[in-house]
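A quick write-up on the structure given underneath.
Here the structure is a predicted model, which means the values were calculated and not measured.
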Amino acid sequence: MNRASQSRWIIALAAVAVLSWQVGSRWWPHPALAETNYHANRLRLEAWFLDPVPSNVLAGSSISGRLLPSYFAGTPLASMANLGLDGSGPLTALDCLLRRATNDPAGAVPHRIFLEIHRLDRVPDANDRLLLETADDASLTLARTVPATRAANRPSTLAYAWLKERRPGGGTGVPEPGGDSRVLLGDEPWLDAVMARVAALRRLGCEVWLLRLPVGRENPSEAAAANFADALARRTGLGLVDLFRHAQTTGARLDYTDGLHLTPAAARWVAGALAEAVAAPTAR
């Protein structure tokens, strides 16, 4: 066989392999976990930009990133997208939301956005710029055209997620609280940036709620004491779902993988508590 024939056979076999993988990907479950922070973020961004717009979205950091969409199955928040981005923060998640909402030909937007307050005052950096560039890069365009190339269909990610979901989840227990020393001053440029994006999303028809999650060693020692979350809710006029305070009030024991991020069992409890809070008449 000459070199030209070999090349044609290689191309044909590669095309058949990609097509077979793409057809098969319709039936296997899409992973929500990945082997690196980059690929975990890629999973979430591709799901947000390529899948149908869900009714609810978590916008935040790696803290809310632990609340996997599957944890909300069977609840009023069953249609949930997770934009809890590792190594990033809520402001970048809001930018991703706006980019999809303003560019979607159908004009579809989520009904509710849960805006995590942890790291809400974080200043965007090079990692955030890289995440936002994902919305326009060639690989996302390719993933839209050839779903087999999506991060969710990478063999290594599928294998990692399968093993991770079946491994017993351990935690470090309940770390000593360190408190939340942040305060709201008269002039907060970061808050102006957040609220400009919130206002744009509300004009599109989205409800935006502030969401306070348990954060291990960064939890305040006194759950009932007034804190950053309360001040933020007063300042913005947005409804607050305080799941740290709820966990303390109900006596829930929440474990953490590293003193900061919830274990899978704890994240499932928090997801259920969020769904209950939304369903309650006094949630807003």
*Going by distance alone, is a donor N or O of one side chain under 3.5 Å from an acceptor N or O of the other, for His39 and Thr36?*
yes
*So, the side chain of Asp136 versus the backbone of Glu133: is there a donor-acceptor pair under 3.5 Å, distance only?*
no
*Is any side-chain heavy atom of Val194 closer than 4.5 Å to a side-chain heavy atom of Glu188?*
no
*Side chains of Leu262 and Val270: closer than 4.5 Å at any heavy-atom pair?*
yes
*Can you tell if the side chain of Arg202 reaches within under 4.5 Å of the side chain of Leu238, non-hydrogen atoms only?*
yes
_Which heavy atom of Ser88 sits nearest to which heavy atom of Ser61, and what is that distance?_
O-CB, 3.7 Å
*asked:* Given 3.5 Å as the limit, does a donor-acceptor pair link the side chain of Asn227 with the main chain of Ala225, or not?
replied: yes
*For the side chain of Arg44 and the backbone of Gly84, is there at least one donor-acceptor N/O pair under 3.5 Å apart?*
yes
*In terms of hydrophobic clusters joined by side-chain contacts under 4.5 Å, are Leu83 and Leu91 together?*
yes
*asked:* What verdict does the side chain to side chain contact (heavy atoms under 4.5 Å, CB included) test give for Glu46 and Leu140, after you've listed the backbone C-alpha separation in whole Å, the side-chain angles of each residue and the deciding distance to 0.1 Å?
replied: CA-CA 7 Å; Glu46 287 183 354; Leu140 190 72; 3.8 Å; yes
_Leu68 side chain reached by Ser70 side chain, heavy atoms, under 4.5 Å_ = yes
_For Trp209 and Phe114, take the angle between the two ring planes, folded into 0 to 90°, and tell me which bin it lands in: parallel under 30, tilted 30 to 60, perpendicular over 60._
perpendicular
*Main-chain N/O of Tyr38 paired with Asn41 side-chain donor or acceptor, under 3.5 Å*: no
_For a quick test of reading the model, state the closest non-hydrogen atom pair linking Val53 to Pro110 and the distance between them._
CG1-N, 3.6 Å
*asked:* Looking at Trp190, I'd like to know if the NZ or CZ of Arg122 sits under 6.0 Å from its six-membered ring centre while staying within 45 degrees of the ring's axis.
replied: no
*asked:* To check you understand the geometry: which heavy-atom pair defines the closest contact between Phe72 and Leu77, and what is its length?
replied: CB-O, 3.3 Å
*Minimum heavy-atom separation for Arg66 to Tyr71, with atom names?*
O-CE1, 3.5 Å
*asked:* Can you list everything that forms a side chain to side chain contact (heavy atoms under 4.5 Å, CB included) with Pro69? Sequence neighbours excluded, please.
replied: Asn82
*Any donor-acceptor N/O pair, Trp269 side chain to Leu254 backbone, under 3.5 Å*: no
_Apply side chain to side chain contact (heavy atoms under 4.5 Å, CB included) to residues Leu45 and Leu131 and explain how you reach the verdict._
CA-CA 8 Å; Leu45 290 172; Leu131 290 173; 3.9 Å; yes
*Donor-acceptor pair, side chain of Arg99 and main chain of Leu132, under 3.5 angstrom*: yes
*Between Glu116 (side chain) and Ser64 (backbone), is there a donor-acceptor pair under 3.5 Å?*
yes
*asked:* Quick one: does any side-chain atom of Asn219 pair with a main-chain N or O of Pro214 as donor and acceptor, under 3.5 Å?
replied: no
_Atom pair CD1/CZ of Ile117 and Phe244 - distance to nearest 0.5 Å_ = 11.0 Å
_Closest contact, heavy atoms only, Tyr256 versus Gly216_ = CE2-N, 3.1 Å
*Out of curiosity, Leu97 CG to Thr92 OG1, how far, rounded to the nearest 0.5 Å?*
11.0 Å
*Is there a path of hydrophobic side-chain contacts, each under 4.5 Å between heavy atoms of I, L, V, M, F, W or Y residues, that connects Leu260 with Leu58?*
yes
*asked:* Within this structure, what is the OG1-CG distance for the pair Thr236 and Leu191, rounded to the nearest 0.5 Å?
replied: 7.0 Å
*Without swapping roles, check the side chain of Arg197 against the backbone of Ala193 for a donor-acceptor pair under 3.5 Å.*
yes
*Which atom pair, heavy atoms only, marks the closest approach of Thr149 to Ala143?*
OG1-CA, 3.3 Å
_Under a 4.0 Å threshold between the charged nitrogen and the carboxylate oxygen, would Glu222 count as salt-bridged to Arg245?_
no
*Please lay out, stage by stage, how Arg217 and Asp258 fare under the test salt bridge (charged side-chain N to carboxylate O under 4.0 Å, His left out).*
CA-CA 9 Å; Arg217 60 177 178 269; Asp258 55 0; 5.2 Å; no
_Sidechain N-carboxylate O distance under 4.0 Å for Arg119, Asp121_ = no
*Does the distance from a Lys or Arg side-chain N to an Asp or Glu carboxylate O, for Arg42 and Asp86, drop under 4.0 Å?*
no
_Interatomic distance, Leu211 atom CG to Ile113 atom CD1 [nearest 0.5 angstrom]_ = 12.5 Å
*Which distance, rounded to the nearest 0.5 Å, do you find between the CG of Leu213 and the CG of Leu274?*
8.0 Å
*Should Met195 and Val123 be counted in the same cluster of Ile, Leu, Val, Met, Phe, Trp and Tyr side chains packed under 4.5 Å apart?*
no
*When rounded to the nearest 0.5 angstrom, what distance separates CG in Asn56 from CE in Met80?*
5.0 Å
*Going only through I, L, V, M, F, W and Y residues with side-chain contacts under 4.5 Å, is there a path from Val57 to Leu240?*
yes
*asked:* Is there a side chain to side chain contact (heavy atoms under 4.5 Å, CB included) between Leu201 and Val109? Walk through the geometry before answering.
replied: CA-CA 9 Å; Leu201 288 163; Val109 294; over 6 Å; no
*Within one Ile-Leu-Val-Met-Phe-Trp-Tyr cluster: Leu130 and Trp48, side-chain cutoff 4.5 Å*: no
_Side-chain touch Arg112/Cys206, heavy atoms, less than 4.5 angstrom_ = no
